[in-house]
Asks: 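My questions will all concern the structure given below.
Labels below follow one simple rule: chain letters A, B, ... track the order of the sequence lines, proteins then strands, and each chain is numbered from 1. Below, all heavy atoms of this structure are taken into account, side chains as well, without hydrogens, waters or symmetry copies.
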Amino acid sequence: MAEAKQRAGRTPADAALEAIWRVVAALPRGRVTTYGAVAARAGLPRRARLVGHALKVAPRALALPWHRVVGAGGRIAFPAGSAHFREQRRRLQAEGVEVLRGRVSLPRADDLDALLWGGR
DNA sequence: GTTGTGACATTAT
DNA sequence: CATAATGCCACAA
């Protein structure tokens with residue numbers, strides 16, 4: 001229908017957020033990925049920034065493993081020493097992920113991730 | 001409608 | 001390694 005331009009309160013932005021949430025929610029335990037990888041996997045290339053926003057506005061009820069999402073090269077996106085930073089590091093270490101100087105041991109490259117993710 | 005900001009990425013210097 | 005510039009897009013003022 002022509003008048004069906006927009007569903008009640010339903011915007012493309014919301015769909016993007018949901019897509020991102022779904023990808024993050026699917027992150028296996030002990031696995032760390034980057035914002036860019038999440039965005040790409042959610043069908044939103046070059047929208048890493050949006051991923052950050054999505055996580056920020058994500059309802060707590062979703063219990064998203066936000067701590068498994070880090071910046072490029074495995075760098076934690078939060079300012080070193082901040083409360084969020086410490087919490088993320090603590091959660092990652094709790095899952096067996098080594099965090100050294102604000103960085104997590106990433107599998108060399110996203111290619112490996114993409115390969116594993118691409119298969120499934 | 002314009003402006004500034006941001007849980008980023010990439011490339012260049 | 002750090003800094004700057006650019007892209008990208010949602011959101012608040």
Side-chain angles (χ1 to χ4, degrees):
Chain A
M1 309 298 218
E3 58 268 26
K5 39 187 163 176
Q6 279 188 355
R7 306 246 160 150
R10 179 83 169 169
T11 69
D14 294 325
L17 293 181
E18 289 182 14
I20 292 170
W21 293 340
R22 189 168 62 163
V23 172
V24 175
L27 286 173
R29 184 175 174 283
R31 167 66 145 246
V32 272
T33 187
T34 65
Y35 291 92
V38 171
R41 186 79 182 90
L44 303 164
R46 268 132 212 137
R47 261 159 244 179
R49 236 168 175 161
L50 199 56
V51 176
H53 237 13
L55 292 178
K56 181 164 59 175
V57 302
R60 262 181 108 68
L62 292 179
L64 293 180
W66 57 269
H67 55 274
R68 294 181 192 142
V69 184
V70 296
R75 280 212 331 50
I76 292 181
F78 294 109
S82 67
H84 274 340
F85 178 93
R86 285 197 309 267
E87 175 152 345
Q88 181 168 22
R89 182 177 60 179
R90 187 178 69 80
R91 286 191 174 215
L92 288 174
Q93 289 178 339
E95 294 188 354
V97 179
E98 281 187 53
V99 182
L100 298 177
R101 291 177 57 202
R103 287 214 240 174
V104 300
S105 314
L106 224 67
R108 295 314 160 115
D110 326 63
D111 303 278
L112 196 58
D113 283 333
L115 210 64
L116 290 167
W117 282 53
R120 294 272 317 152

Asks: Heavy-atom contacts under 4.0 Å between residues 45-55 of chain A and DNA chain B, which residues?
Replies: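 A:Ala48, A:Arg49, A:Gly52, A:Leu55, in order of number.
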Asks: Starting at atom CZ of A:Arg89, determine the distance to atom C1' of B:dA7, rounded to an integer number of angstrom.
Replies: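 Result: 17 Å.
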Asks: Please check if the side chain of A:Glu95 supplies one atom and the backbone of A:Arg29 the other of a donor-acceptor pair under 3.5 Å.
Replies: no
Asks: Do A:Thr33 and A:Leu27 come close enough that some side-chain heavy atom pair is under 4.5 Å?
Replies: yes
Asks: Could you check how far CG of A:Leu92 sits from P of B:dA7, rounded to whole Å?
Replies: 18 Å
Asks: When the distance from CD1 of A:Ile76 to C1' of B:dA9 is rounded to whole Å, what number comes out?
Replies: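 Rounded to the whole Å, the gap is 18 Å.
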Asks: Rounding to an integer number of Å, can you tell me how far A:Arg60 CZ sits from B:dA7 P?
Replies: 17 Å
Asks: Between B:dC8 atom C1' and A:Lys56 atom NZ, what is the distance in whole Å?
Replies: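 Result: 12 Å.
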Asks: A:Arg86 CZ to B:dA7 P: how many Å, rounded?
Replies: 17 Å
Asks: If I take atom CG in residue A:Leu17 and atom P in nucleotide C:dA10, what distance separates them, rounded to the nearest angstrom?
Replies: 9 Å
Asks: Quick check: closest heavy atoms across A:Ala77 and A:Tyr35, and the distance to 0.1 Å?
Replies: CB-OH, 3.6 Å
Asks: In whole Å, what is the span from the CH2 atom of A:Trp21 to the P atom of C:dA10?
Replies: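 Rounding to the nearest Å, CH2 of A:Trp21 and P of C:dA10 are 14 Å apart.
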Asks: So, the side chain of A:Arg86 versus the backbone of A:Gly81: is there a donor-acceptor pair under 3.5 Å, distance only?
Replies: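 It does hold such a pair.
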Asks: How is A:Arg68 classified with respect to the nucleic acid when contacts are heavy atoms under 4.0 Å: base, sugar-phosphate, or nothing?
Replies: nothing
Asks: Using 4.0 Å as the upper bound for N to carboxylate O, is an ion pair formed by A:Arg22 and A:Glu18?
Replies: no
Asks: Got a donor-acceptor contact below 3.5 angstrom from the A:Gln88 side chain to the A:Arg68 backbone?
Replies: no
Asks: Taking atom types as they are modelled, is there a donor-acceptor pair under 3.5 Å from the base of B:dA9 to the side chain of A:Tyr35?
Replies: no
